[in-house]
Every structure is written in C-alpha cells, then in structure tokens.
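First the structure, in the form of structure tokens, and then the observations on it.
Proteins come first, then strands; the chains are lettered A, B, ... in the order of their sequence lines, and each starts at number 1.
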There are 2 protein chains.
Amino acid sequence: MSLILQNIAKHIALTTAEQELFLSKIEVHHFDAKTILLHSGEVCKYSYFVNSGILRSFNINDNIVEHVLNFACAGYWIGDMYSLITQKPGNLFIEVLEDAELALLSKENQEILYTEIPKLERFFRILTENSLVVNQERLMDNLSLSAEERFEKFCSKYPTLIQKVPQKQIASYIGVTPEFFSKMKSKILHR
Amino acid sequence: MSLILQNIAKHIALTTAEQELFLSKIEVHHFDAKTILLHSGEVCKYSYFVNSGILRSFNINDNIVEHVLNFACAGYWIGDMYSLITQKPGNLFIEVLEDAELALLSKENQEILYTEIPKLERFFRILTENSLVVNQERLMDNLSLSAEERFEKFCSKYPTLIQKVPQKQIASYIGVTPEFFSKMKSKILHR
DNA sequence: TAGGGCACTTAACCTAGATTAAGAAATAAC
DNA sequence: GTTATTTCTTAATCTAGGTTAAGTGCCCTA
C-alpha cells in the first residue's frame, strides 16, 4: 500500500473505493533537488505529501536572511498553510533539498474530497492538531532554551536530517547564524 | 444567539436541533480572576471557550521562569492541545486573568459531538488550521524580528490586552524579561 | 493605617549570540 | 581537470537583551 494511504490509515479507516477515489485526486510527480515548488508571493495551490526525498519551507527577510519554517521528509506533509487557507499570496518558499517523489493534493481536490469522504475532515483535523502541538512546543523552546539545547532537541527529533541537509539550514531552523552554529558545534565536539 | 454558536456559524451551518445538541454538551461557568483552571502535570479535560474575561496559558521553566503561550479573550478557545489530544499530563497552566464566563467542552463530549454532528470535524479543523497559521507566524517573528518589532505587532494585534494584562506577561509573550520590556517601553515613549 | 507583598522602573554590569571579514574545504559547473 | 560558487570554519569585535540589585508606587488585606 502507498505511504500516503498508510498515513491515512493510522487515523481513519477508508474503504477500498474511498482509497481509490483519494488516489485519483492526487498527482504523483518526481522533482529534482533545488526545484522551487512555491515562491514567496505566489498562491499555494497544493499540499505536498513526501513519498521520498527532503523538502523545506522558508521565508526570506528583507531580501537577505532565510528562515527555515519546516523540513519535510518521507511521510510528512508540507505547504504554505496560510496561503492554502486564504488562497492569497503567501511569503513562503518551498524547495526540494533532495530528489523527491511527491503526492500533490490541490486545494480544489481537497475540498472535493471533504465533501465526498467527510471522514477526511477528521484525518486532516488530526494532522493539523499534531502540527499545532509540535509548533507550540518549538515556540516555547525558542522562548526558553539556549541555542545548544535547541540543537540537542533537533538532533534527537530529526537524527536523519543532520547528515543530509546543509548545516546552515539547521542553524536557521533552530534560530542562530551559520557562524554561531559552527562555533557551537566545535565547542560541543571538543568536550 | 450565544457567542459560541455565532463562532461556529462563521464556518459551518448547524440546524436548530444540532445547535441545541451542541449547547447540551457544554457547561457554562463563571470563574474569578486568579483561578487556575489547569495545572502543569495534570491531564487537560476541557477546551475552554471564552464568553467574557481573559485567560492565559503558560508554562514554568525549571520552576522559575514563566512563559506565556497564549492569551484568550472573548470569542477565543484555549486549552492544552498536547494534553487534550494525548490525554497525558501536560506542562501548561491555564489561568483566569480577568473574571470570566467560560463554556467548557470536555474531551469526551467533543468526541461524542464529532460522531453525532460530523460537520463539527470541519469546524474544529478550520479552527485548528487558523491557530496553526497564527503560531507559525509568531514562530517566524521570533526568529526574525527584534523585541521592539514583536511588541509593535502585539500592540496592533491585541490592542485591548495592553491595558488589561500585567505588562510582565506581555513581556513573557513576546519573549523578553520584564526589566528589558520596561527599558524598551520607556525608550519608545521618549521619542 | 499600616504594612506585606506584587508590579514596575532604573541603572550598572554581563553574556549569548550577531556581525564582519577572511581563509579553507567541499560542490558544482564548464 | 580547472575554475567558480557555495558551504563551513575561525577569530575579532559588537550589541540586543539578560542579570542583579535597589528603589518606587500600589493594591491588598488586617
């Protein structure tokens, strides 16, 4: 069974017919690393489910500094939630960091699926709740932990990412400059 | 019509019977300022909808420093989302800051309502999506804006709160110490 | 009406992390 | 295989915001 159906099955039970309907509403595509799926200023039309590869969402401040909002690897969804909801231009970029196979669910198809398989409201509610919890924890961590502690948490939470994404992006995710991150890293190693 | 039904009506349409069913599943109570509705370490049993008054959720770090996660005034929901979802002990406190009338929706009744009025899945999905968007923006703000800029945003977003909640709690919400907040405030005034 | 706490202010000093800059190492491009 | 570009490191210097501490005003409640 496809990863996305496994993902759904963790929270709700779909009949075979519903599964087929769901699959008929998504498009699976391959994207090369460095592809930008969404630019700041565009309206986000899709939720992206990651079958394989790694993506990130980020914004750019004053045309200079990047800030990573999220990483997504296999089994995760990613998108610009603000832009998806409002269908107004967002300020996020979504980029492929490592060659990826993605399942694209368009906003329109998502709405169609909600009416045809109301159970999916439940699925996406649960998904969103979980994201919210993770986000709230990260927010509190940013308010209360040191950069080093945030890095430790990142390591235990996303052990696979550390080898795979450029460390300046991890620095950005935990909220420090690449230079400070490098200093911190060598400080940790030398003890 | 009660505030909570108006709130729901913004996103989904309930029949009169459904409205009555919904109301039968919530308890409306009055709480005095300073009441702690939820302590860190407890399992959160209710979502709280604010009819009037002001609440906040916060955690306490190393038994010393408070960090405000959210304020809630009339028309807002508040709870410990992590604990509500998992039904495990959370680390948030929920406190009444200003005498409040609250509608309490227990986790069990919420689940019952989901089965009896499936449309409510949609309502709470939308609610959670909106919270997530707000949270993500706050996270990015904490990564990219100065304390002063965060304060300005807070002022334009929650103008009513500034007069009503102790400023050390606003300081905590935007992520600075009360001392620095005070310094910053007088700097802003003197120009 | 006193007095014990909070909330707020002010000021001196301190530090985690930013900035700037320049070189080394790794990737990518040709 | 060489050059160009990006990433990472190191180090000096700087600053936003933290810490400590002492003092002021203000509810409270007795």
Rounded to whole Å, the CD-P distance (B:Gln167 to C:dC6) equals 18 Å
Any donor-acceptor pair under 3.5 Å from A:Asn59 side chain to A:Leu92 backbone: no
Starting at atom CD1 of B:Ile170, determine the distance to atom C1' of C:dT9, rounded to an integer number of angstrom. 16 Å
Ring centroids only, cut at 6.0 angstrom: are A:Tyr46 and A:Trp77 within range, meaning strictly under it? no
Round to the nearest Å and state the distance from A:Leu143 atom CG to D:dG18 atom P. 11 Å
Less than 6.0 Å separating the ring centroids of A:Phe71 and A:Tyr76? no
Whole Å only: how far is the NZ atom of A:Lys168 from the C1' atom of D:dC8? 10 Å
Quick one, A:Asn70 and A:Arg138 - any side-chain contact, counting heavy atoms below 4.5 Å? yes
Length of the line joining A:Lys34:NZ and D:dT7:C1', which is rounded to integer Å: 11 Å
Which whole-number value in Å describes the distance from A:Lys164 NZ to C:dT27 P? 16 Å
Take atom NZ of A:Lys185 and atom C1' of D:dT7, then tell me their distance rounded to the nearest Å. 11 Å
Heavy atoms under 4.0 Å is the rule here; annotate nucleotides 10-19 of chain C 5' to 3' with B where the base is hit, S where only the sugar-phosphate is, and - elsewhere. B------BBB
Check the pair A:Glu121 / B:Arg122 against side-chain contact (heavy atoms from CB on, under 4.5 Å), numbers first and verdict last. CA-CA 6 Å; A:Glu121 295 270 9; B:Arg122 182 177 184 82; 2.6 Å; yes
Within 45 degrees of the axis of the six-membered ring of B:Tyr173 and under 6.0 Å from its centre: does B:Arg150 put its NZ or CZ there? no
